Number of protein chains: 2
Amino acid sequence: MAVVELFRALGDPNRLEIIKRLSTGKPYTINTVTSGLDISRQGARKHLQILVDSRLVMLETKGRDTRVSLNQKRFDEGKAFILDIERRWDQRLEALRSVVESD
Amino acid sequence: MAVVELFRALGDPNRLEIIKRLSTGKPYTINTVTSGLDISRQGARKHLQILVDSRLVMLETKGRDTRVSLNQKRFDEGKAFILDIERRWDQRLEALRSVVESD
DNA sequence: ATAATATGCAACCATTTAGTTGCATAAAAA
DNA sequence: TTTTTATGCAACTAAATGGTTGCATATTAT
């Protein structure tokens with residue numbers, strides 16, 4: 001299930017912080033998007049790689065530095081999962097309501 | 001950040017399966033909601049506890065067995081996060097578009 | 001009363017994860 | 001051309017995670 005990998009990737013404060021930064025749409029490099037994370041460069045790089053592996057983030061080498069960007073589409077899969085859960089749940093409430101009303 | 005814990009809890013196939021089952025709204029006990037997960041009862045119980053700790057799931061002891069239910073509200077926090085990311089990103093696209101149009 | 005069922009608690013183990021440090025290299029700046 | 005900057009790769013460690021087994025206990029069914 002691809003959505004598991006997505007949630008897994010989002011389930012870390014450093015990675016979520018990277019995602020937040022990228023969501024602004026400002027141009028980022030590996031260096032800038034991981035700056036100030038209170039872990040080493042290599043630690044941050046690993047988190048970034050997890051985001052890349054989960055297809056939430058894309059890298060593009062550009063001379064000396066590497067451009068980092070968000071793959072917005074990927075979020076839709078997570079959104080779809082949550083919406084589906086909520087929809088089913090709402091159906092349950094609806095079913096419950098109709099039973100009550102049939103009395 | 002509470003949303004990290006939420007995503008973290010969702011980032012496991014067994015836990016996601018439990019969530020899916022609960023979303024149907026059918027009544028479940030610890031036993032029934034974890035049945036057939038291909039791990040031991042205690043293993044499944046640990047996953048369930050993680051869902052409880054993340055406030056996605058609620059337990060209520062009822063005699064010999066324990067009723068398990070979904071806390072639908074909690075999903076809204078995850079949805080809100082994703083929607084926020086997407087909104088920011090769309091704003092970026094919008095800003096980009098207006099720059100192009102100003103030429 | 002006895003047996004079966006649904007659960008809890010704790011110890012343990014293997015693997016994964018999050019983090020580090022050290023070293024290497026190509027591109028850009030001085 | 002020398003130095004700085006942005007990056008990569010690999011080895012290592014500590015802690016967390018996912019899983020197990022064994023044993024205990026209260027409730028329900030026979």
Side-chain angles (χ1 to χ4, degrees), chain A residues 1-22 24 26-71 78, chain B residues 1-22 24 26-71 78:
Chain A
M1 254 180 307
V3 78
V4 172
E5 296 310 315
L6 184 140
F7 286 139
R8 188 148 234 275
L10 292 177
D12 175 275
N14 284 311
R15 294 196 290 264
L16 221 47
E17 174 61 26
I18 292 173
I19 292 292
K20 277 189 202 163
R21 291 177 183 187
L22 290 173
T24 63
K26 284 186 215 144
Y28 278 105
T29 65
I30 293 181
N31 220 8
T32 59
V33 85
T34 58
S35 77
L37 283 189
D38 207 43
I39 53 177
S40 70
R41 175 178 69 88
Q42 305 293 28
R45 182 60 179 85
K46 282 194 177 183
H47 282 299
L48 191 59
Q49 190 58 43
I50 288 167
L51 292 173
V52 169
D53 291 345
S54 74
R55 308 198 324 274
L56 278 161
V57 157
M58 292 170 300
L59 301 183
E60 187 190 359
T61 300
K62 200 90 184 178
R64 185 172 52 168
D65 40 36
T66 297
R67 170 61 57 84
V68 184
S69 62
L70 206 65
N71 176 19
Chain B
M1 252 180 308
V3 78
V4 172
E5 296 310 315
L6 184 140
F7 286 139
R8 190 149 234 276
L10 292 176
D12 174 274
N14 284 312
R15 295 197 289 267
L16 221 47
E17 174 62 27
I18 291 172
I19 292 292
K20 276 189 203 164
R21 291 178 183 186
L22 291 173
T24 64
K26 286 187 212 142
Y28 279 106
T29 65
I30 292 181
N31 219 7
T32 59
V33 85
T34 57
S35 76
L37 283 189
D38 207 44
I39 52 177
S40 70
R41 175 178 68 89
Q42 305 293 28
R45 183 61 179 85
K46 282 194 177 183
H47 282 299
L48 192 57
Q49 191 57 43
I50 288 169
L51 291 173
V52 169
D53 292 346
S54 74
R55 309 198 324 274
L56 278 162
V57 156
M58 293 172 299
L59 301 183
E60 187 190 359
T61 300
K62 202 91 184 179
R64 184 173 51 170
D65 40 36
T66 297
R67 170 60 58 87
V68 184
S69 62
L70 206 65
N71 175 20

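Every value quoted in this text rests on a predicted model; they were computed, and no experiment measured them. Reckoned from all heavy atoms, side chains included, excluding hydrogens, waters and symmetry mates. Letters go in sequence order (proteins before strands), and every chain restarts at 1.
- When all heavy atoms of B/Gly78 and B/Val3 are compared, the closest pair comes out as CA-CG2, 4.1 Å.
- Within the structure, salt bridge (Lys or Arg N to Asp or Glu O under 4.0 Å) pairs that include any residue of residues 44-58 of chain B comprise B/Arg55-B/Glu77 (at least two apart or interchain).
- Here A/Leu48 contributes atom CG and A/Gln42 contributes atom CD; the two are 11.5 Å apart, rounded to the nearest 0.5 Å.
- Taking atom CD on B/Gln49 and atom C1' on C/dT7, their separation rounds to 13 Å, with Å as the unit.
- Look at B/Arg15 and you'll find a side-chain N or O under 4.0 angstrom from OP1 or OP2 of D/dG18.
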Do any side-chain atoms of residues 56-64 of chain B form donor-acceptor pairs under 3.5 angstrom with protein atoms, and if so which ones, sequence neighbours left out?
none

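- Nucleotide D/dA16 holds its C1' atom 14 Å from the CG atom of B/Asp53, rounded to whole Å.
- Atom CG in A/Leu48 sits roughly 16 Å away from atom C1' in D/dC9 (whole-Å rounding).
- Taking atom NZ of residue B/Lys62 and atom P of nucleotide C/dT7, one finds them 14 Å apart after rounding to whole Å.
- Checking the phosphate oxygens (OP1, OP2) of D/dT17, a side-chain nitrogen or oxygen of B/Arg8 falls inside 4.0 Å.
- In this structure the side chain of B/Ile39 reaches within 4.5 angstrom of the side chain of B/His47, judged on heavy atoms.
- Of the candidates D/dA6, C/dT7, D/dT7, the closest approach to any side-chain atom of A/Arg64 belongs to D/dA6.
- Regarding B/Glu60, its CD atom lies at a distance of 14 Å from the P atom of C/dG8, rounded to whole Å.
- Toward the 5′ end of DNA chain C lies the nearest nucleotide of B/Asp65, the other residue of the pair B/Asp65 and A/Lys46 mapping further downstream.
- Inter-residue side-chain proximity for A/Asp38 and A/Glu17 is flagged as unmet; no heavy-atom pair is nearer than 4.5 Å.
- Note on A/Ile50: only backbone sugar-phosphate atoms sit closer than 4.0 angstrom, heavy atoms only; bases stay farther off.
- Distance check, rounded to the nearest 0.5 Å: CD1 of A/Ile18 to CG of A/Leu70 gives 11.5 Å.
- Comparing C/dA28, D/dG19, C/dG19 by their nearest atom to the side chain of B/Asn14 picks out D/dG19.
- In terms of phosphate contacts, A/His47 brings no side-chain nitrogen or oxygen within less than 4.0 Å of OP1 or OP2 of C/dT17.
- A heavy-atom distance below 4.0 Å to DNA chain D is reached by these residues of residues 29-42 of chain A, ordered by number: A/Thr29, A/Ile30, A/Asn31, A/Arg41, A/Gln42.
- In this structure, CG of B/Leu51 is placed 14 Å from P of D/dT17, rounded to the nearest angstrom.
- Residue-level contact check: A/Gly43 touches the bases, meaning some heavy atom is under 4.0 Å from a base atom.
- At whole-Å resolution of the value, CZ in B/Arg45 and C1' in C/dC9 are 11 Å apart.
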